[in-house]
Participant: 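For reference, the structure I am asking about is given below.
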4 protein chains.
Amino acid sequence: MPVKTVPGRPRDPATERRILDAALRLLRADGYNRMSVDAVALEAGVSKPTIYRRWPSKADLATAAIRTLQLLEPPANTGSTPTDLVQILENFCRSLLRPNGMSLLGTVLAEEQHTPELIQLFRERIVTPRRAMLRDVLLRAKARGELTPQADLDCAVNLLVGAFYARYLAEAKIPPAFARHLVDILWRGIAVQPERKPY
Amino acid sequence: MPVKTVPGRPRDPATERRILDAALRLLRADGYNRMSVDAVALEAGVSKPTIYRRWPSKADLATAAIRTLQLLEPPANTGSTPTDLVQILENFCRSLLRPNGMSLLGTVLAEEQHTPELIQLFRERIVTPRRAMLRDVLLRAKARGELTPQADLDCAVNLLVGAFYARYLAEAKIPPAFARHLVDILWRGIAVQPERKPY
Amino acid sequence: MPVKTVPGRPRDPATERRILDAALRLLRADGYNRMSVDAVALEAGVSKPTIYRRWPSKADLATAAIRTLQLLEPPANTGSTPTDLVQILENFCRSLLRPNGMSLLGTVLAEEQHTPELIQLFRERIVTPRRAMLRDVLLRAKARGELTPQADLDCAVNLLVGAFYARYLAEAKIPPAFARHLVDILWRGIAVQPERKPY
Amino acid sequence: MPVKTVPGRPRDPATERRILDAALRLLRADGYNRMSVDAVALEAGVSKPTIYRRWPSKADLATAAIRTLQLLEPPANTGSTPTDLVQILENFCRSLLRPNGMSLLGTVLAEEQHTPELIQLFRERIVTPRRAMLRDVLLRAKARGELTPQADLDCAVNLLVGAFYARYLAEAKIPPAFARHLVDILWRGIAVQPERKPY
DNA sequence: CATGAATGAGCTTTCATTCAT
DNA sequence: AATGAATGAAAGCTCATTCAT
């Protein structure tokens with residue numbers, strides 16, 4: 001009884017990866033609209049039909065490329081809430097300061113009307129996981145009684161993450177201790193105050 | 001010939017306005033790349049060379065369109081610092097929630113590599129003025145001794161403004177009392193605390 | 001090894017039929033150029049190389065599909081020449097008025113320069129047999145002395161068959177008694193006249 | 001008061017002609033589907049946008065090309081009905097025997113489902129005018145009392161015109177006296193018979 | 001033998017820009 | 001100054017055909 005194999009020529013497993021990598025790079029470098037399937041094919045070293053066989057349109061290709069994104073950083077857990085927050089935010093900061101760090105975000109926003117799948121996936125793969133990490137840290141803090149009862153965790157997350165966007169938009173560079181300064185202010189705003197304990 | 005005049009047919013100043021309005025609208029609706037000079041000409045009711053006579057390229061046209069942007073809201077000054085902040089932020093929020101409110105921001109970010117003038121002008125015309133308004137409120141507060149000495153005003157501005165970006169990215173809608181919640185947290189973080197005075 | 005067999009897996013004869021049926025349907029529906037081998041493969045439930053293994057090119061596939069065509073109607077023989085003619089022509093008419101009834105004819109004409117095999121086979125399988133049926137009826141009539149000596153049978157066939165093409169081209173619909181009217185006129189033109197016998 | 005001129009660069013009037021001529025030639029030579037806008041542009045010596053400025057799609061271009069078709073032959077009127085008919089039919093025959101004489105007809109038939117404008121215009125420009133010429137001759141004959149009362153003129157036209165299609169389909173060549181033979185038969189079929197007068 | 005994968009060449013259409021009046 | 005016409009270069013997508021299993 002021979003081993004059952006799939007019929008037909010098998011796909012080169014590296015091809016898929018190369019196409020998506022190329023698409024993602026060009027998406028970052030050029031934005032969705034400037035990214036051409038031709039350029040992706042050239043950079044991936046395949047022909048265009050090889051791409052269209054896998055994804056039926058350029059939008060699907062871009063979507064698939066964004067779907068491969070994922071946060072790799074493990075959640076921080078040092079015991080100190082502010083330190084955990086700073087650590088997560090500094091990872092975030094590093095990703096923003098990479099070349100084209102903000103351009104993918106720009107593209108998904110700019111294409112929101114024309115290609116809404118992009119921002120949906122960007123949310124799902126990048127935005128939400130990072131927010132969840134921050135939120136988890138804050139939830140642990142709350143469980144330990146470190147936060148004032150009325151502290152709004154979701155607002156806190158928005159303040160922390162958003163400050164980087166705001167700063168980037170204002171200046172395109174971010175000073176080294178930025179994350180720490182943010183957390184300093186925020187922590188005074190949400191933590192139980194009497195024992196204004198330094199961390 | 002007493003009066004000095006330029007020879008030839010004079011330019012219609014209303015034309016310029018119409019072109020830039022059309023360009024700005026399309027820039028918001030479609031993004032830089034999808035915006036076509038043809039479409040701008042059509043919407044402005046002029047021909048393409050009329051545009052190219054004024055701005056030598058599509059990038060210059062887009063740049064000029066963004067240059068016309070300006071914040072119209074008068075700075076708040078109610079006497080209460082938190083109230084002033086909330087007022088400015090709610091204006092900001094309204095502009096974000098207009099149709100295509102975020103898409104221009106997305107476009108300038110996405111085009112940062114290819115057309116860096118766009119983000120420069122966007123900063124100059126929109127981002128910086130709004131930050132200045134917030135900063136002024138905080139400076140007044142500081143002068144009145146409301147803030148802790150170590151409060152970093154720039155960080156505070158980033159926290160406030162950025163929170164809206166972060167929230168929009170996460171959900172594309174912003175709850176009504178959002179600005180107030182943000183200011184609540186921030187104010188605890190930067191104001192002199194002993195007399196935790198309600199505002 | 002007494003029984004002589006071909007080595008290897010034998011071809012499924014039903015496959016051949018399915019491919020040709022699909023090809024013929026698409027040829028009629030879309031014309032030669034719009035018919036894609038992909039679509040044929042899909043509709044036949046086979047892969048493209050399965051097709052290319054049997055016919056070396058798209059032209060050969062189309063040719064083979066047309067080769068399968070054949071007239072199925074039995075020749076008429078009622079004893080009355082005009083009735084026989086009308087019967088054959090009404091069969092013809094029905095085939096023309098089927099969906100895409102004329103499109104295959106159009107395709108073979110349109111492709112005459114590029115793929116001349118098509119029209120050759122169409123002649124051989126469809127045109128000639130039907131003409132032969134009409135011709136046979138007329139030959140029998142001649143043998144019975146019904147026709148004038150100088151009557152040109154080939155011309156008569158052209159007149160009868162062609163009238164349908166002309167009518168279709170002019171209007172795309174054919175009135176019910178059309179065949180009878182044609183035969184009426186023709187019969188007066190070729191039959192021995194003195195005893196203008198009604199049929 | 002200066003003479004009012006149209007603004008803008010005027011179109012080269014020869015361009016339109018050249019494009020349509022090229023389109024028509026390629027339509028005949030290759031059929032609608034094989035005809036590429038690229039090839040038309042090349043043959044006409046213009047760029048593709050020059051074509052697309054005038055006709056918004058390939059179908060519109062082909063339609064316009066067919067719309068330029070017209071019968072140039074003046075209607076015959078020799079006094080003898082059969083001679084008039086023969087004359088018109090021999091003109092028709094000449095047009096069929098030109099290179100690609102039948103291919104345009106084939107194309108409009110083949111495209112009937114996908115591009116129905118083509119056959120509509122072909123009818124309007126070519127088919128109908130020729131039929132009208134034949135019909136006029138027969139109407140004059142009827143007015144002179146040459147035809148039997150019950151003669152169906154439309155059927156007669158179909159018989160005459162169609163015979164050429166049928167013949168071409170059967171053999172792709174047409175003998176010299178074909179038209180005369182057809183008229184011979186038809187005339188016996190529709191003319192008043194007693195004085196079987198030779199013409 | 002039959003399959004799914006791959007390809008080079010082509011398709012229609014659009015765009016930013018320049019020309020000629 | 002302003003127009004409509006023209007263009008070279010690309011874009012997204014499809015096709016007939018061949019390859020590798």
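The sequence lines fix the lettering, A, B, ..., with proteins before strands; numbering per chain opens at 1.
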Participant: Taking side chain as C-beta onward, heavy atoms only, is D:Ile126 less than 4.5 Å from D:Ile66?
Facilitator: no
Participant: Taking Watson-Crick and G-U wobble pairs with both distances under 3.5 Å, convert DNA chain F into its dot-bracket string, 5' to 3', dots for unpaired and | for cross-strand pairs.
Facilitator: .||||||||||||||||||||
Participant: To the side chain of A:Arg54, which of F:dG4, F:dG8, E:dA5 is closest?
Facilitator: E:dA5
Participant: So do C:Leu109 and D:Thr107 actually touch side chain to side chain, heavy atoms under 4.5 Å?
Facilitator: no
Participant: What is the distance from CG of D:Leu42 to P of E:dT12, rounded to the nearest Å?
Facilitator: 14 Å
Participant: Can you list the residues that meet the side-chain hydrogen bond (donor to acceptor under 3.5 Å, both in side chains) rule with A:Arg25, with sequence neighbours excluded?
Facilitator: A:Glu43
Participant: Just how far, in rounded Å, is P of F:dT14 from CG of C:Leu26?
Facilitator: 17 Å
Participant: Measure the distance from CZ on C:Arg53 to C1' on E:dG4 and round it to the nearest whole Å.
Facilitator: 15 Å
Participant: So, the side chain of D:Arg125 versus the backbone of D:Leu69: is there a donor-acceptor pair under 3.5 Å, distance only?
Facilitator: no
Participant: Please report, rounded to the nearest Å, how far the P atom of E:dT12 is from the CH2 atom of D:Trp55.
Facilitator: 15 Å
Participant: Could you give me the CA-CA distance, side-chain angles and deciding distance for B:Val40 and B:Met35, then say whether side-chain contact (heavy atoms from CB on, under 4.5 Å) is met?
Facilitator: CA-CA 8 Å; B:Val40 174; B:Met35 172 188 96; 4.0 Å; yes
Participant: Which value, rounded to the nearest 0.5 Å, describes the distance between C:Asn33 atom CG and C:Thr115 atom OG1?
Facilitator: 8.0 Å
Participant: Kindly confirm or rule out a cation-pi arrangement of A:Lys58 over A:Tyr32, judged by NZ or CZ under 6.0 Å from the six-membered ring centre and within 45° of its axis?
Facilitator: yes
Participant: Round to a whole Å and report the spacing from NE2 of A:His114 to P of F:dG12.
Facilitator: 15 Å
Participant: Which nucleotide in the set F:dA5, E:dA5, F:dA2 lies at the smallest distance from any side-chain heavy atom of A:Arg11?
Facilitator: E:dA5
Participant: Please determine if a side-chain N or O atom of D:Thr50 lies less than 4.0 Å away from the OP1 or OP2 oxygen of F:dT7.
Facilitator: yes
Participant: Find out whether A:Ser103 and B:Glu112 are in side-chain contact, i.e. whether some heavy atom of one side chain is under 4.5 Å from a heavy atom of the other.
Facilitator: no
Participant: For A:Arg67 and A:Glu124: C-alpha separation, side-chain torsions, deciding distance, then whether salt bridge (charged side-chain N to carboxylate O under 4.0 Å, His left out) applies.
Facilitator: CA-CA 9 Å; A:Arg67 192 173 288 127; A:Glu124 183 184 308; 5.5 Å; no
Participant: Strictly under 4.0 angstrom, non-hydrogen atoms only: write out the protein contact profile of nucleotides 15-21 of chain E, one letter per nucleotide from the 5' end, B, S or -.
Facilitator: BSBBBBS
Participant: How long is the line joining CD1 of A:Ile51 and C1' of E:dT7, in whole Å?
Facilitator: 12 Å
